[in-house]
Enquirer: 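Got a structure for you, questions after.
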Amino acid sequence: MAVLSGFDIDAPRWDQSTFMGRLKHFFNITDCRTAVLPDSKLDEAKALVESCRAGSVPPGTTVEQLHYAKKLYDSAFHPDTGDRMNLIGRMSFQVPGGMAITGFMLQFYRTVPAVVFWQWVNQSFNALVNYTNRNAASPITPKQIGVAYATATSTALATAVGLNLYTKKAPPLVARWVPFVAVAAANCVNIPMMRQQEILNGIAVTDENGNMLGHSRKAAVKGITQVVISRVTMAAPGMIILPIIMQRLEKYRFMQKITFLHAPLQVMMVGVFLIFMVPAACSLFPQRCSLAVSKLEPELRESIVSQCGDSVKYVYFNKGL
């Protein structure tokens with residue numbers, strides 16, 4: 001094993017300016033095996049990461065141990081606050097949680113009660129994920145959380161139920177795609193609503209060295225837009241391709257004899273998609289997002305120029321997940 005020597009634990013292990021570098025990073029921290037580790041193990045990893053930052057690494061610690069500790073830290077602790085995130089909201093829980101909910105949405109799409117129930121479950125799950133992975137520098141009140149949750153759930157239900165009724169006479173495959181349309185529509189509402197404080201008051205932006213420069217609403221809009229695109233992309237392959245696969249499989253006699261296994265089969269196949277799509281979707285855009293100073297609000301741009309002159313060309317911020 002490699003021996004520790006001048007190790008910078010916060011330096012990216014892979015180049016975060018490239019898609020492949022980000023993909024390796026997110027494959028690492030979205031590893032669903034980390035979701036079943038006890039809190040004590042996670043706290044040990046956090047303690048090791050913090051001791052490394054303080055320059056007091058325990059004797060005998062190796063680079064491999066530090067890499068693993070950072071993996072656990074990034075998978076379970078919020079990048080802004082350092083607080084341990086709730087299990088269901090972590091990206092490492094996206095595969096087990098998402099595969100179960102998405103699989104059942106795709107299986108039980110024919111009746112209105114089933115559509116209502118599974119869309120409600122999905123939006124409850126999404127709301128928790130969105131809240132957990134928000135930019136924590138912009139607090140949100142319980143009332144705002146409630147309004148965001150109710151609005152997103154209503155959007156999903158209205159879209160799903162409306163399209164479900166509208167597609168009664170449409171080809172069966174069209175009806176199978178209704179859950180995806182509802183999920184995509186709800187994501188466009190759920191994420192901005194859950195992070196409305198960032199849009200209203202701006203998101204904290206810094207220079208390249210992490211020095212605080214102010215708050216920007218335009219930066220918040222850019223970050224949230226990228227998160228919405230990532231979430232829709234995450235769901236798209238499983239919810240678009242899998243219905244086509246199931247539509248063809250169900251024509252075979254052996255599939256018609258095991259209808260009770262259709263739901264578990266879809267859950268497992270969704271899991272296969274999500275194992276790849278969760279890290280791939282998270283990797284579409286850099287986690288540390290940037291925005292040119294020239295594109296900021298006039299008052300913030302003037303403030304930065306007065307403080308730093310022309311030395312600062314871009315501001316940086318955590319876009320969230």
Side-chain angles (χ1 to χ4, degrees), residues 6-30 49 53 70 73-75 77-83 85 91 130 132-140 187-188 191-234 278-321:
F7 184 79
D8 182 0
I9 200 162
D10 289 313
R13 190 173 177 184
W14 298 280
D15 184 1
Q16 295 300 287
S17 66
T18 67
F19 174 78
M20 288 307 299
R22 295 192 295 271
L23 184 63
K24 292 176 182 178
H25 170 73
F26 280 109
F27 259 118
N28 193 43
I29 68 171
T30 61
V49 169
R53 286 172 174 166
K70 189 62 162 59
Y73 180 85
D74 287 343
S75 71
F77 294 92
H78 197 283
D80 292 334
T81 65
D83 295 335
M85 297 182 287
M91 280 297 159
N130 295 338
T132 301
N133 292 281
R134 72 199 185 285
N135 182 302
S138 302
I140 184 171
N187 269 326
C188 293
I191 297 171
M193 287 293 292
M194 192 61 71
R195 298 176 60 178
Q196 59 188 280
Q197 284 297 94
E198 298 172 40
I199 298 174
L200 295 173
N201 301 321
I203 194 172
V205 296
T206 68
D207 63 15
E208 190 174 7
N209 299 316
N211 299 310
M212 177 75 167
L213 296 174
H215 288 76
S216 170
R217 294 182 298 279
K218 290 187 176 181
V221 170
K222 179 179 180 179
I224 292 170
T225 300
Q226 291 183 350
V227 171
V228 171
I229 294 171
S230 295
R231 292 291 185 81
V232 174
T233 302
M234 190 183 297
V278 169
C282 289
S283 304
L284 289 178
F285 307 100
Q287 179 69 21
R288 190 187 185 209
C289 197
S290 63
L291 185 64
V293 171
S294 60
K295 295 182 179 179
L296 295 173
E297 297 86 338
E299 61 274 15
L300 178 57
R301 184 168 63 244
E302 291 171 5
S303 173
I304 293 173
V305 171
S306 65
Q307 291 179 56
C308 312
D310 294 328
S311 61
V312 176
K313 301 295 184 182
Y314 289 87
V315 296
Y316 300 87
F317 53 96
N318 172 26
K319 70 175 177 62
L321 289 173

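We number each residue from 1, following the sequence as shown.
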Enquirer: Measure across Cys282 and Phe26 and return the closest heavy-atom pair with its distance rounded to 0.1 Å.
Expert: O-CE1, 3.4 Å
Enquirer: Side chains of Asn201 and His215: does their closest heavy-atom pair fall under 4.5 Å?
Expert: no
Enquirer: Contact between Gln226 and Leu284 at the side-chain level, heavy atoms closer than 4.5 Å - yes or no?
Expert: no
Enquirer: Could you state the interatomic distance from CD1 (Ile29) to CD (Gln287), rounded to the nearest 0.5 Å?
Expert: 7.5 Å
Enquirer: For a quick test of reading the model, state the closest non-hydrogen atom pair linking Cys188 to Val228 and the distance between them.
Expert: SG-CG1, 4.0 Å
Enquirer: Search all heavy atoms of Thr132 against all heavy atoms of His78 and return the closest pair with its distance.
Expert: O-CD2, 3.2 Å
Enquirer: Between His25 and Ser283, is a side-chain contact (heavy atoms from CB on, under 4.5 Å) present by the stated rule, with each step listed?
Expert: CA-CA 8 Å; His25 170 73; Ser283 304; over 6 Å; no
Enquirer: Side-chain contact, heavy-atom cut-off 4.5 Å: Trp14 with Asn28?
Expert: yes
Enquirer: Compare every heavy atom of Ile191 with every heavy atom of Arg231, then report the nearest pair and how far apart it is.
Expert: CG-CD1, 3.6 Å
Enquirer: I need the Ile224 CD1 to Arg217 CZ distance, nearest 0.5 Å.
Expert: 13.0 Å
Enquirer: Got a second to check how far Leu213's CG is from Phe317's CZ, nearest 0.5 Å?
Expert: 12.5 Å
Enquirer: Contact between Tyr73 and Ile9 at the side-chain level, heavy atoms closer than 4.5 Å - yes or no?
Expert: no
Enquirer: Hey, could you give me the CD1/CD distance between Ile203 and Gln197, rounded to the nearest 0.5 Å?
Expert: 12.5 Å
Enquirer: Distance from Ile304 atom CD1 to Arg301 atom CZ, nearest 0.5 Å?
Expert: 9.5 Å
Enquirer: Between OG1 of Thr225 and CZ of Phe285, what distance do you get to the nearest 0.5 Å?
Expert: 9.0 Å
Enquirer: Sequence neighbours left out, cut at 3.5 Å: what donor-acceptor pairs do the side chains of residues 289-296 make with other protein atoms?
Expert:
none

Enquirer: Are the side chains of Val205 and Leu300 in touch, meaning some heavy atoms are under 4.5 Å apart?
Expert: yes
Enquirer: Quick check: closest heavy atoms across Gly223 and Lys319, and the distance to 0.1 Å?
Expert: CA-CB, 3.8 Å
Enquirer: Where do Thr18 and Asp15 come nearest, in terms of heavy atoms and distance?
Expert: OG1-O, 3.2 Å
Enquirer: Mark yes or no for whether Asn209, through its side chain, and Asn211, through its backbone, hold a donor-acceptor pair below 3.5 Å.
Expert: no
Enquirer: Taking Glu302's backbone N and O only, do any of them form a donor-acceptor pair with Ser306's side chain (distance below 3.5 Å, no angle check)?
Expert: yes
Enquirer: State whether the number of non-hydrogen atoms from other residues, nucleotides or ligands found under 6.0 Å of Gln307 atom CD is greater than 12.
Expert: yes
Enquirer: Can you tell me if NZ on Lys218 sees more than 12 non-hydrogen neighbours from other groups inside 6.0 Å?
Expert: yes
Enquirer: Any side-chain heavy atom of Glu208 sitting closer than 4.5 Å to one from Tyr314?
Expert: no
Enquirer: Look only at the side chain of Arg22 and the backbone of Gln16, and say whether a donor-acceptor pair between them is shorter than 3.5 Å.
Expert: yes
